[in-house]
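Numbered from 1 within each chain, the chains take letters A, B, ... in sequence-line order.
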Amino acid sequence: MGPLIPLDIIPEQWNNVIAVIIGMAFGFIMEGSGFSSSRKIVGLFYGYDFTVLRVFFTATVTTAIGLYYFSYLGWIDMSLVYIHPTYLTAAIVGGLIMGVGFVAGGYCPGTSLIGAAIGRIDGMVFTLGLMIGIFFFSEGFSIFEGLYNGGFMGYITITEYFNISSQLFIFLFTVVAVAAFYFTTLIRRRVKQVNY
Amino acid sequence: MSKVYIIFASLLILVAFGLVLLPDTEHEDQIPPEALLKEIMNQSRFLSADLIAARIIDEDPSIMLVDVRTAEAYNSYSLPGAINIPLKETLDEEWQPYLNQRGVDVVFFSNGDLFADQAWILCSRLGYKNLYVMEGGLNQWFTQIMQPTVPPDTSPNEDFDLYSFRKAASIYFGGGAPAQSTQDIKGENIQIIRREKKTATAGGC
């Protein structure tokens, strides 16, 4: 029966409306999880708060397990689910820039908007920086184009690339996630508590 | 560490391990027989020859005519703008982009209804949309459009309107429709009255 929009169960025209509704719910839950605070987010780097890691690992694992049970029950056709194309060079360079920006600024693009939305000044400054970055990237696109399209590997997934079963990969990923939850708890106990 | 965390973590691993144990399943992505029967019983897939003739004449870009007869039959005669996808090649990979699409009405036709309808059922089972069948096929096309019959005198005006459309369509498609007007002009001797030549005025006034 799913995915709902590619199979026309929900008309394509609703795509943007649904995106806005999901976006609002996403922002609401992010704010509720405390992601509007840059100090909470960078806590992952300094080792005093691992909420970000927990939220995102839980979300990924829950979604992956859920989708593959849905697929088993015939509720969703996994071959129709959109896979974002991989640009390896661009992903590595972008990941490095994003990582540095994350630690230095304390936000990722989404959370900076959440911070700005609830009136945090650092969030607003970060959003402004984001816009300036977008402006320079867009204006200088001809310079960055080779990098932007670099290392194109198509619509590939890790399991396809290494030729292992998706279910096995999800199981291993879950084990890694739970192990990460455990070890981050240990780290957090040893690091000096920060009040923010 | 609280017990709740341990319970939830074990549950997560257990559920993920369950995924590994699940057997591989191949899901049929075809529509169930009940739904197909319902679609077959719905007659709205049949488009009349008149409707299709009108759309061809209007050069409607949202219609794609598919001739499901053999290539020889297609080469000897087919509708203008029709493409040839013989019934036995319906499932070939090369034709799928033509058949599986949105925005264009795919109209199957053959000599009668039968082969076109079989192509319609095959494509409907594949879940394709906007599929139609030309009612009566090329046989009906010939009797209705190419050689329309004059409706009886007692017919309502609509029938005469339809008849004049069919005649016009017949001329458009190069058929042998009688191109005379409906008024009977036989048996009347038309008298040609010639004006007498005026005699040239002679002399001054």
Side-chain angles (χ1 to χ4, degrees), chain A residues 1-3 5-9 11-13 15 50-51 53-81 159 164-189, chain B residues 1-39 42 44-45 62 64 91 93 96-106 120-132:
Chain A
M1 68 186 264
I5 290 172
L7 288 179
D8 246 353
I9 294 163
E12 213 173 330
Q13 285 79 358
N15 226 340
F50 290 99
T51 313
L53 180 133
R54 288 182 181 179
V55 167
F56 280 98
F57 251 143
T58 315
T60 316
V61 166
T62 314
T63 313
I65 294 174
L67 276 179
Y68 273 86
Y69 272 107
F70 271 34
S71 168
Y72 173 73
L73 294 169
W75 293 352
I76 193 163
D77 183 352
M78 287 303 280
S79 63
L80 292 177
V81 174
T159 54
I164 53 172
S165 116
S166 305
Q167 286 85 349
L168 183 66
F169 181 78
I170 291 169
F171 172 62
L172 296 176
F173 193 80
T174 311
V175 172
V176 169
V178 171
F181 295 159
Y182 177 69
F183 285 113
T184 50
T185 317
L186 294 185
I187 294 168
R188 200 191 162 176
R189 277 191 199 153
Chain B
M1 199 173 297
S2 79
K3 269 187 183 170
V4 182
Y5 280 136
I6 298 171
I7 291 168
F8 273 118
S10 332
L11 197 67
L12 203 59
I13 293 181
L14 208 67
V15 172
F17 187 66
L19 210 54
V20 180
L21 297 181
L22 288 181
D24 278 341
T25 45
E26 286 294 319
H27 292 293
E28 295 278 332
D29 46 359
Q30 290 177 331
I31 62 169
E34 295 80 16
L36 188 64
L37 178 67
K38 208 171 143 194
E39 282 195 47
N42 184 355
S44 67
R45 68 177 178 280
S62 68
M64 186 173 78
L91 300 178
E93 199 60 43
Q96 301 318 304
Y98 291 92
L99 300 171
N100 185 17
Q101 58 177 325
R102 295 176 189 189
V104 174
D105 292 343
V106 176
W120 180 88
I121 290 173
L122 278 173
C123 292
S124 295
R125 278 202 73 182
L126 290 169
Y128 298 169
K129 304 277 173 222
N130 301 332
L131 305 173
Y132 297 92

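- Between the CZ atom of F17(B) and the CD1 atom of I170(A) there is a distance of 14.0 Å, given to the nearest 0.5 Å.
- Heavy-atom minimum distance, Y69(A) versus L19(B): OH-N, 3.4 Å.
- One finds the CG atom of L14(B) at 11.0 Å from the OG1 atom of T174(A) (value rounded to the nearest 0.5 Å).
- With F171(A) as the fixed residue, the side chain to side chain contact (heavy atoms under 4.5 Å, CB included) test singles out one of L21(B), V20(B), V15(B): V20(B).
- For L12(B) against V178(A), the heavy-atom pair with the smallest separation is CD2-CG2, 4.4 Å.
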